[in-house]
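What follows is one structure encoded as C-alpha coordinates, with my remarks underneath.
Read the numbers this way: they start at 1 and go in the same order the structure lists the ligands and their atoms. Here the structure is a predicted model, which means the values were calculated and not measured.
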Amino acid sequence: MAATPGDSFDSSLYPRALFSLYLICPLTVLPLQLLQAPYGKHSRNGWGPSLSPPLVWFLMESPTLWLTLILLPQGRHFHNPQTLALLSPFLFHYLHRTCIFPLRLLHRQKTVISGQKSPGFPFIIALMAFVFNLFNTYLQARWVSHYSDYGPNWCIGLRFNGGLLVFITGLVINIWADSKLIALKGEGGGYKIPRGGLFEVISCPNYFGEALEWLGWAILTWSWAGLGFFLYTMANLGPRARAHHDWYLKKFADDYPKSRKAMIPFVY
Ligand SMILES: NC(=O)c1ccc[n+]([C@@H]2O[C@H](COP(=O)([O-])OP(=O)(O)OC[C@H]3O[C@@H](n4cnc5c(N)ncnc54)[C@H](OP(=O)(O)O)[C@@H]3O)[C@@H](O)[C@H]2O)c1
(Lines give C-alpha, C1' and ligand atoms only; values in the text may rest on other atoms or scores of the structure.)
Protein backbone atom coordinates (compact mmCIF):
# COMPACT_ATOMS: atom_id res chain seq x y z
CA MET A 1 0.00 0.00 0.00
CA ALA A 2 1.39 3.45 -0.91
CA ALA A 3 2.12 5.85 1.97
CA THR A 4 -0.24 8.83 2.19
CA PRO A 5 0.47 12.32 3.65
CA GLY A 6 -1.70 11.22 6.60
CA ASP A 7 0.73 8.34 7.27
CA SER A 8 3.71 10.65 7.40
CA PHE A 9 1.85 13.08 9.70
CA ASP A 10 0.96 10.19 11.99
CA SER A 11 4.44 8.73 12.00
CA SER A 12 5.84 12.03 13.24
CA LEU A 13 2.95 12.58 15.70
CA TYR A 14 3.16 9.17 17.35
CA PRO A 15 6.68 9.40 18.86
CA ARG A 16 5.98 12.92 20.07
CA ALA A 17 2.75 11.78 21.73
CA LEU A 18 4.58 8.84 23.30
CA PHE A 19 7.27 11.14 24.68
CA SER A 20 4.51 13.37 26.12
CA LEU A 21 3.02 10.40 27.98
CA TYR A 22 6.32 10.02 29.86
CA LEU A 23 6.47 13.77 30.41
CA ILE A 24 3.03 13.96 32.01
CA CYS A 25 3.92 11.33 34.64
CA PRO A 26 6.02 13.72 36.76
CA LEU A 27 3.66 16.57 35.84
CA THR A 28 0.86 14.47 37.36
CA VAL A 29 2.52 13.00 40.42
CA LEU A 30 4.04 16.26 41.71
CA PRO A 31 0.88 18.44 41.92
CA LEU A 32 -1.07 15.47 43.32
CA GLN A 33 1.20 15.55 46.38
CA LEU A 34 -0.56 18.81 47.29
CA LEU A 35 -3.96 18.69 45.63
CA GLN A 36 -6.38 15.82 44.95
CA ALA A 37 -8.80 15.72 42.02
CA PRO A 38 -11.97 17.06 43.66
CA TYR A 39 -14.39 14.15 43.25
CA GLY A 40 -15.68 11.46 45.60
CA LYS A 41 -14.13 11.68 49.10
CA HIS A 42 -12.08 14.70 48.05
CA SER A 43 -14.95 16.74 46.61
CA ARG A 44 -14.85 20.43 47.39
CA ASN A 45 -16.52 23.61 46.19
CA GLY A 46 -15.01 26.02 43.71
CA TRP A 47 -14.48 23.67 40.75
CA GLY A 48 -17.38 24.94 38.66
CA PRO A 49 -20.37 23.00 37.38
CA SER A 50 -20.60 19.31 38.08
CA LEU A 51 -22.44 16.37 36.57
CA SER A 52 -23.86 13.11 37.82
CA PRO A 53 -21.01 10.56 38.36
CA PRO A 54 -22.56 7.70 36.31
CA LEU A 55 -22.99 9.99 33.30
CA VAL A 56 -19.46 11.37 33.72
CA TRP A 57 -17.85 7.93 33.90
CA PHE A 58 -19.71 6.88 30.76
CA LEU A 59 -18.76 10.00 28.79
CA MET A 60 -15.17 10.49 29.89
CA GLU A 61 -14.17 6.83 29.46
CA SER A 62 -16.01 6.35 26.16
CA PRO A 63 -13.10 7.34 23.82
CA THR A 64 -11.32 4.17 24.90
CA LEU A 65 -13.98 2.19 23.04
CA TRP A 66 -15.03 4.28 20.06
CA LEU A 67 -11.57 5.61 19.24
CA THR A 68 -10.09 2.10 19.39
CA LEU A 69 -12.77 0.91 16.98
CA ILE A 70 -12.08 3.84 14.64
CA LEU A 71 -8.28 3.33 14.71
CA LEU A 72 -8.28 -0.44 14.44
CA PRO A 73 -9.24 -0.71 10.72
CA GLN A 74 -6.69 2.00 9.81
CA GLY A 75 -3.81 -0.10 11.13
CA ARG A 76 -1.56 -2.27 8.98
CA HIS A 77 -2.19 -5.21 11.36
CA PHE A 78 -5.97 -4.97 11.12
CA HIS A 79 -6.30 -8.34 9.39
CA ASN A 80 -3.94 -10.15 11.75
CA PRO A 81 -6.03 -12.11 14.31
CA GLN A 82 -3.35 -11.44 16.97
CA THR A 83 -4.25 -7.75 16.86
CA LEU A 84 -7.70 -8.35 18.32
CA ALA A 85 -6.28 -10.81 20.85
CA LEU A 86 -3.79 -8.14 21.98
CA LEU A 87 -6.40 -5.40 22.17
CA SER A 88 -8.99 -7.56 23.97
CA PRO A 89 -7.75 -6.89 27.55
CA PHE A 90 -7.79 -3.12 26.90
CA LEU A 91 -11.26 -3.29 25.33
CA PHE A 92 -12.62 -5.57 28.04
CA HIS A 93 -11.39 -3.32 30.85
CA TYR A 94 -12.92 -0.26 29.21
CA LEU A 95 -16.17 -1.98 28.27
CA HIS A 96 -16.57 -2.58 31.98
CA ARG A 97 -15.42 0.91 33.02
CA THR A 98 -17.50 2.75 30.39
CA CYS A 99 -20.73 0.74 30.49
CA ILE A 100 -21.01 -1.62 33.49
CA PHE A 101 -19.36 0.53 36.19
CA PRO A 102 -21.62 3.57 35.52
CA LEU A 103 -24.69 1.31 35.45
CA ARG A 104 -23.75 -0.01 38.88
CA LEU A 105 -23.31 3.55 40.18
CA LEU A 106 -26.70 4.44 38.71
CA HIS A 107 -28.33 1.42 40.30
CA ARG A 108 -26.81 2.39 43.66
CA GLN A 109 -28.05 5.97 43.28
CA LYS A 110 -31.57 4.69 42.79
CA THR A 111 -31.52 2.20 45.65
CA VAL A 112 -29.46 3.98 48.31
CA ILE A 113 -31.52 3.91 51.52
CA SER A 114 -30.71 6.78 53.82
CA GLY A 115 -27.16 7.96 53.13
CA GLN A 116 -26.13 10.95 51.07
CA LYS A 117 -25.92 10.67 47.30
CA SER A 118 -22.42 10.82 45.84
CA PRO A 119 -21.29 14.41 45.27
CA GLY A 120 -21.28 15.65 41.68
CA PHE A 121 -18.23 15.18 39.45
CA PRO A 122 -16.71 18.51 38.28
CA PHE A 123 -17.05 19.04 34.55
CA ILE A 124 -13.48 20.35 34.25
CA ILE A 125 -12.00 17.17 35.78
CA ALA A 126 -14.17 15.04 33.49
CA LEU A 127 -12.97 17.03 30.49
CA MET A 128 -9.32 16.49 31.46
CA ALA A 129 -9.93 12.76 31.84
CA PHE A 130 -11.74 12.69 28.48
CA VAL A 131 -8.77 14.33 26.75
CA PHE A 132 -6.33 11.96 28.48
CA ASN A 133 -8.40 8.98 27.34
CA LEU A 134 -8.36 10.22 23.73
CA PHE A 135 -4.60 10.67 23.90
CA ASN A 136 -3.87 7.37 25.65
CA THR A 137 -6.22 5.34 23.44
CA TYR A 138 -4.46 6.72 20.38
CA LEU A 139 -1.12 5.60 21.82
CA GLN A 140 -2.21 2.12 22.90
CA ALA A 141 -4.50 1.24 19.98
CA ARG A 142 -2.21 2.67 17.31
CA TRP A 143 0.76 0.81 18.77
CA VAL A 144 -0.96 -2.57 18.69
CA SER A 145 -2.81 -2.13 15.39
CA HIS A 146 -0.12 -0.33 13.40
CA TYR A 147 3.36 0.40 14.77
CA SER A 148 4.08 -2.88 16.59
CA ASP A 149 5.92 -5.75 15.00
CA TYR A 150 4.95 -8.88 16.90
CA GLY A 151 6.04 -12.22 15.52
CA PRO A 152 3.39 -14.76 14.43
CA ASN A 153 3.66 -16.68 17.75
CA TRP A 154 3.50 -13.70 20.11
CA CYS A 155 0.16 -14.72 21.63
CA ILE A 156 1.42 -18.16 22.60
CA GLY A 157 4.60 -16.75 24.12
CA LEU A 158 5.61 -16.19 27.75
CA ARG A 159 5.38 -12.39 27.77
CA PHE A 160 1.85 -12.29 26.35
CA ASN A 161 0.53 -15.04 28.63
CA GLY A 162 2.43 -13.91 31.74
CA GLY A 163 1.19 -10.35 31.18
CA LEU A 164 -2.33 -11.59 30.58
CA LEU A 165 -2.26 -13.46 33.89
CA VAL A 166 -1.15 -10.31 35.73
CA PHE A 167 -3.81 -8.31 33.88
CA ILE A 168 -6.62 -10.75 34.74
CA THR A 169 -5.53 -10.89 38.39
CA GLY A 170 -5.67 -7.08 38.52
CA LEU A 171 -9.04 -6.99 36.75
CA VAL A 172 -10.60 -9.42 39.23
CA ILE A 173 -9.22 -7.44 42.21
CA ASN A 174 -10.33 -4.11 40.73
CA ILE A 175 -13.88 -5.21 39.98
CA TRP A 176 -14.23 -7.04 43.30
CA ALA A 177 -13.00 -4.02 45.30
CA ASP A 178 -15.14 -1.49 43.39
CA SER A 179 -18.18 -3.74 43.83
CA LYS A 180 -17.55 -3.99 47.54
CA LEU A 181 -17.26 -0.20 47.88
CA ILE A 182 -20.33 0.47 45.76
CA ALA A 183 -22.33 -2.02 47.85
CA LEU A 184 -21.04 -0.43 51.06
CA LYS A 185 -22.31 2.98 50.06
CA GLY A 186 -25.54 1.41 48.80
CA GLU A 187 -26.27 0.35 52.38
CA GLY A 188 -26.82 4.03 53.21
CA GLY A 189 -25.28 6.15 55.96
CA GLY A 190 -22.38 7.49 53.88
CA TYR A 191 -18.77 6.29 53.92
CA LYS A 192 -17.79 3.32 56.09
CA ILE A 193 -14.64 1.33 56.82
CA PRO A 194 -14.38 -1.36 54.13
CA ARG A 195 -13.46 -4.77 55.53
CA GLY A 196 -12.48 -8.20 54.25
CA GLY A 197 -10.01 -9.62 51.75
CA LEU A 198 -7.38 -7.19 50.50
CA PHE A 199 -9.10 -4.34 52.38
CA GLU A 200 -7.47 -5.80 55.52
CA VAL A 201 -4.01 -4.91 54.20
CA ILE A 202 -4.57 -1.87 51.95
CA SER A 203 -7.05 0.99 51.84
CA CYS A 204 -7.46 0.97 48.05
CA PRO A 205 -7.49 -2.54 46.53
CA ASN A 206 -9.40 -1.13 43.55
CA TYR A 207 -6.40 1.10 42.70
CA PHE A 208 -3.97 -1.77 43.37
CA GLY A 209 -5.98 -3.96 40.95
CA GLU A 210 -6.04 -1.20 38.34
CA ALA A 211 -2.24 -0.77 38.58
CA LEU A 212 -1.74 -4.54 38.23
CA GLU A 213 -3.91 -4.53 35.12
CA TRP A 214 -1.76 -1.94 33.39
CA LEU A 215 1.43 -3.63 34.55
CA GLY A 216 0.09 -6.78 32.89
CA TRP A 217 -0.76 -4.75 29.79
CA ALA A 218 2.81 -3.34 29.68
CA ILE A 219 4.16 -6.90 29.84
CA LEU A 220 1.77 -8.45 27.31
CA THR A 221 2.32 -5.67 24.78
CA TRP A 222 6.03 -5.31 25.72
CA SER A 223 5.85 -1.73 24.56
CA TRP A 224 6.88 1.79 25.56
CA ALA A 225 3.22 2.77 25.19
CA GLY A 226 2.13 0.07 27.65
CA LEU A 227 4.91 0.91 30.11
CA GLY A 228 4.07 4.62 29.89
CA PHE A 229 0.42 3.92 30.68
CA PHE A 230 1.38 1.81 33.71
CA LEU A 231 3.68 4.58 35.00
CA TYR A 232 0.97 7.18 34.42
CA THR A 233 -1.53 5.04 36.35
CA MET A 234 0.91 4.85 39.28
CA ALA A 235 1.54 8.61 39.07
CA ASN A 236 -2.20 9.26 39.18
CA LEU A 237 -3.49 6.62 41.58
CA GLY A 238 -0.52 6.42 43.98
CA PRO A 239 -1.05 9.90 45.46
CA ARG A 240 -4.84 9.45 45.41
CA ALA A 241 -4.52 6.17 47.33
CA ARG A 242 -2.32 7.96 49.89
CA ALA A 243 -4.94 10.74 50.17
CA HIS A 244 -7.76 8.15 50.62
CA HIS A 245 -5.69 6.38 53.28
CA ASP A 246 -5.02 9.61 55.21
CA TRP A 247 -8.70 10.52 54.86
CA TYR A 248 -9.72 7.17 56.44
CA LEU A 249 -7.21 7.60 59.28
CA LYS A 250 -8.62 11.05 60.02
CA LYS A 251 -12.32 10.25 59.62
CA PHE A 252 -12.22 6.98 61.57
CA ALA A 253 -9.39 7.99 63.92
CA ASP A 254 -10.20 5.42 66.64
CA ASP A 255 -11.35 2.50 64.52
CA TYR A 256 -9.30 2.47 61.32
CA PRO A 257 -6.77 -0.41 61.34
CA LYS A 258 -3.34 1.20 61.65
CA SER A 259 -1.58 -1.74 59.98
CA ARG A 260 -3.18 -1.09 56.57
CA LYS A 261 -1.07 0.44 53.82
CA ALA A 262 -2.48 2.76 51.16
CA MET A 263 -2.17 0.87 47.88
CA ILE A 264 0.54 -1.81 47.77
CA PRO A 265 0.33 -4.55 50.42
CA PHE A 266 3.10 -4.22 53.09
CA VAL A 267 4.92 -1.58 51.00
CA TYR A 268 3.05 1.69 50.34
N1 LIG B 1 -6.28 4.46 35.42
C2 LIG B 1 -6.45 5.56 36.13
O3 LIG B 1 -5.60 6.46 36.12
C4 LIG B 1 -7.70 5.74 36.97
C5 LIG B 1 -8.00 6.99 37.52
C6 LIG B 1 -9.12 7.14 38.33
C7 LIG B 1 -9.94 6.05 38.60
N8 LIG B 1 -9.66 4.83 38.05
C9 LIG B 1 -10.50 3.67 38.36
O10 LIG B 1 -11.87 4.03 38.41
C11 LIG B 1 -12.55 3.35 39.48
C12 LIG B 1 -13.26 4.36 40.38
O13 LIG B 1 -12.29 5.27 40.90
P14 LIG B 1 -12.62 6.23 42.14
O15 LIG B 1 -11.47 7.17 42.25
O16 LIG B 1 -14.03 6.75 42.04
O17 LIG B 1 -12.56 5.15 43.36
P18 LIG B 1 -13.01 5.33 44.88
O19 LIG B 1 -12.78 6.70 45.36
O20 LIG B 1 -12.41 4.20 45.64
O21 LIG B 1 -14.62 5.13 44.83
C22 LIG B 1 -15.21 4.00 44.22
C23 LIG B 1 -16.70 3.98 44.57
O24 LIG B 1 -16.90 3.52 45.91
C25 LIG B 1 -17.48 4.52 46.73
N26 LIG B 1 -16.72 4.48 47.99
C27 LIG B 1 -15.37 4.63 48.09
N28 LIG B 1 -14.99 4.46 49.38
C29 LIG B 1 -16.11 4.18 50.08
C30 LIG B 1 -16.36 3.91 51.47
N31 LIG B 1 -15.37 3.89 52.36
N32 LIG B 1 -17.63 3.66 51.88
C33 LIG B 1 -18.61 3.68 50.97
N34 LIG B 1 -18.45 3.93 49.64
C35 LIG B 1 -17.22 4.18 49.20
C36 LIG B 1 -17.30 5.83 45.98
O37 LIG B 1 -18.33 6.75 46.29
P38 LIG B 1 -18.04 8.34 46.08
O39 LIG B 1 -17.84 8.54 44.60
O40 LIG B 1 -19.26 9.00 46.61
O41 LIG B 1 -16.79 8.66 46.87
C42 LIG B 1 -17.34 5.36 44.53
O43 LIG B 1 -18.65 5.20 44.09
C44 LIG B 1 -11.49 2.54 40.21
O45 LIG B 1 -11.57 1.20 39.76
C46 LIG B 1 -10.17 3.14 39.77
O47 LIG B 1 -9.15 2.17 39.74
C48 LIG B 1 -8.56 4.66 37.24
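For ligand 1, the atoms closer than 4.0 angstrom to any heavy atom of H244 are 18 (P), 19 (O), 20 (O). Interface atoms of ligand 1 facing L105, defined by a heavy-atom separation under 4.0 Å, are 43 (O). The ligand atoms of ligand 1 that sit less than 4.0 angstrom from a heavy atom of G40 are 38 (P), 39 (O), 41 (O). Close approach of ligand 1 to R240 (heavy-atom distance below 4.0 Å) involves ligand atoms 15 (O). Atoms of ligand 1 found under 4.0 Å from any heavy atom of D178 (numbered from 1 in listed order, with element): 11 (C), 44 (C), 45 (O). Here is the list of ligand 1 atoms found below 4.0 Å of a heavy atom in Y248: 28 (N), 29 (C), 30 (C), 31 (N).
The distance criterion of under 3.5 Å between nitrogen or oxygen atoms is not met by Y232 with respect to ligand 1. Annotation: W214 places no N or O atom under 3.5 Å from an N or O atom of ligand 1; distance criterion only.
With F230, Y39, F101, W57 as candidates, the residue nearest to atom 10 (O) of ligand 1 on a non-hydrogen basis is W57. Of the listed options E187, K41, H96, K192, K192 places a heavy atom closest to atom 31 (N) of ligand 1. Around atom 43 (O) of ligand 1, the closest heavy atom drawn from K185, R108, E61 belongs to R108.
No part of I193 comes within 4.0 Å of ligand 1, judged by heavy-atom distances. Under 4.0 Å from ligand 1, the heavy atoms of N236 that appear belong solely to its side chain. If you look at N206 next to ligand 1, the close heavy atoms, those under 4.0 Å, come from the backbone and the side chain alike.
Separation of the W214 and Y94 ring centroids falls under the 6.0 Å cut-off. Checked against the 6.0 Å centroid criterion, the rings of Y39 and W47 do not qualify as a close aromatic pair.
Taking the six-membered ring where tryptophan is involved, the planes of W57 and F101 are perpendicular, since the angle between them exceeds 60° and thus also 30°. Relative orientation of the Y150 and W154 rings is tilted, given thresholds of 30° and 60° on the angle between their planes. Between F252 and W247, the angle of the ring planes goes over 60°, which puts this pair in the perpendicular group of the 30/60° scheme.
Judged by distance alone, the side chains of Y14 and R142 never bring a donor and an acceptor atom under 3.5 Å apart.
Taking each heavy atom of C155 and A85 in turn, the nearest pair found is SG-CB, 4.0 Å.
Applying the side chain to side chain donor-acceptor pair (under 3.5 Å) rule to E213 yields the partners H93; only residues at least two apart in sequence or on another chain are considered. With sequence neighbours excluded, the residues forming a salt bridge (Lys or Arg N to Asp or Glu O under 4.0 Å) with E210 are R97, listed by chain and number.
At least one heavy atom of P119 sits less than 4.0 Å from an atom of ligand 1.
The pair D178-R104 fails the salt-bridge criterion, with no side-chain N (NZ, NE, NH1 or NH2) lying under 4.0 Å from an Asp/Glu carboxylate O.
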